[in-house]
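One structure is given here, and the rest of the page talks about it.
Each ligand, and each atom within it, is numbered from 1 in the order the structure gives.
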Amino acid sequence: MAFLYYFAENLIMKYIILLLLICSLSISSAQQFDVAKIRGHIKILASDSMQGRGTGKEGEKMAAAYIQAQFKKLKLQHKRDNNSYLQAFPFKGGAHGEGEGGTANNIAGFLDNKATTTIIIGAHYDHLGMGDQGSSLDANPQEKIHNGADDNASGVAGVIELARFLSTNKIKEKNNFLFLCFSGEELGLVGSKYFTEHPTLDLSTVNYMINMDMIGRLDEQTKILLVHGTGTSPVWEPLLKKLENENVKIKTDSSGVGPSDHTSFYLKNLPVLHFFTGSHSDYHKPSDDWDKINYKGEADVLSLIATVITSLDAEPKLTFLTTKTKPMGTRSAFKVTMGVMPSYSSDAEGLKVDGVTEGRPAQKAGIQTGDVIIQMGDLAIKDIQNYMEALGKFEKGQTVPVKVKRAGETLTFLVTF
Ligand SMILES: [Zn+2]
């Protein structure tokens, strides 16, 4: 009896120890990212006091101060010689650059592992302010605070928490990390574009760029995380398939061009990934609030992103691939499309081309990224408005001479729609 009793007790102890072990293991992986910390960042960045973080506005400066304080706590370095995390850039306001402009700031913090390559981890921290920036979906947006909890306090929380993870995990990775928070995204990727034109490190040493834009609304049922840019390097698709788990299901899109900051890096021939939990009815409305965020879901998304980074750490610098891109911003009202990504931030007269879609009319005719379209058929193109109007006037199958400026020369291409 006694022996049996002892044996049973021993067995129970063994089970208890095993159970404790399993629990601690699952807790350590699930709690790699702290839900309370993520909630804390988003509650502050999306609070009414930040006034919707309009580009260059007082509320956005408050958000920038908060992000810098977090970077400082994590002992990230300045990646510039101006003894600051800030990179100032000029911007023009309004939906098409017609509004009042000013100066805004990107925020860059560097984790130096003395490696030869650097991974950029980014998210935009600006949003629509008080609804006067032109892209609110509210019927009467003026004077309403657009808090932007998912868009994109969620991504900024991701940058800060990945910075914490990578700087406190006691592993010296074989890459350095540049944590970047962009402004001017909502005005047309203005901040990220400025960064890639005025980089604070040699872009040829950048391994890849990870962009988090709207990662706070992981669906509780489907758990689908959209990952865009998977065609920009051969490693992405097989790796992401492998990392899918019971908390996060992955849906990929190959294109390196999309409506967020990774596009600026893709256009500099860098592999990119954009993580996105999907659009929703509060998108670009004053109701995108902190209490609608799925915090556990965001922690799961960050765990997956951290695993992407750590599982590639021993690999050599990633190979870059160009991707077939979907036409951007096509409106059903147009009978024809060119397949170009228009620049929303260029001040050149005409329409500056920020990207061309392979296999579409503009690219087939010979138009390239950087060209400025100044005439289509008989129509002079002075700005994006003229360009949109012109697209409404041509028919499918029609061939039209398109004049562009390229490096001081005026060239004419025959575009067949
Ligand atoms: Zn947005």
(message) Would you call the rings of Y85 and H78 parallel, tilted or perpendicular, taking 30° and 60° as the class edges?
(response) perpendicular
(request) Kindly confirm or rule out a cation-pi arrangement of K396 over F417, judged by NZ or CZ under 6.0 Å from the six-membered ring centre and within 45° of its axis? (result) no
(request) State which residue, out of T410, L351, V402, V404, fulfils the side-chain contact (heavy atoms from CB on, under 4.5 Å) condition with I374. (result) T410
(message) Below 30° counts as parallel, above 60° as perpendicular, anything between as tilted: where do the rings of F265 and F182 land?
(response) tilted
(request) Could you pull out the N/O/S protein atoms under 2.8 Å of the Zn ion (ligand 1), ignoring any water? (result) D151 OD2, E186 OE1, E186 OE2, H284 NE2
(message) Over 60° means perpendicular and under 30° means parallel, so tell me whether F177 and F179 are parallel, tilted or perpendicular.
(response) parallel
Distance-only criterion, 3.5 Å: show the donor-acceptor pairs between side-chain atoms of residues 36-45 and protein atoms not counting sequence neighbours.
residue : atom : partner : partner atom : Å
H41     : ND1  : Y66     : OH           : 2.6
H41     : NE2  : E161    : OE2          : 2.7

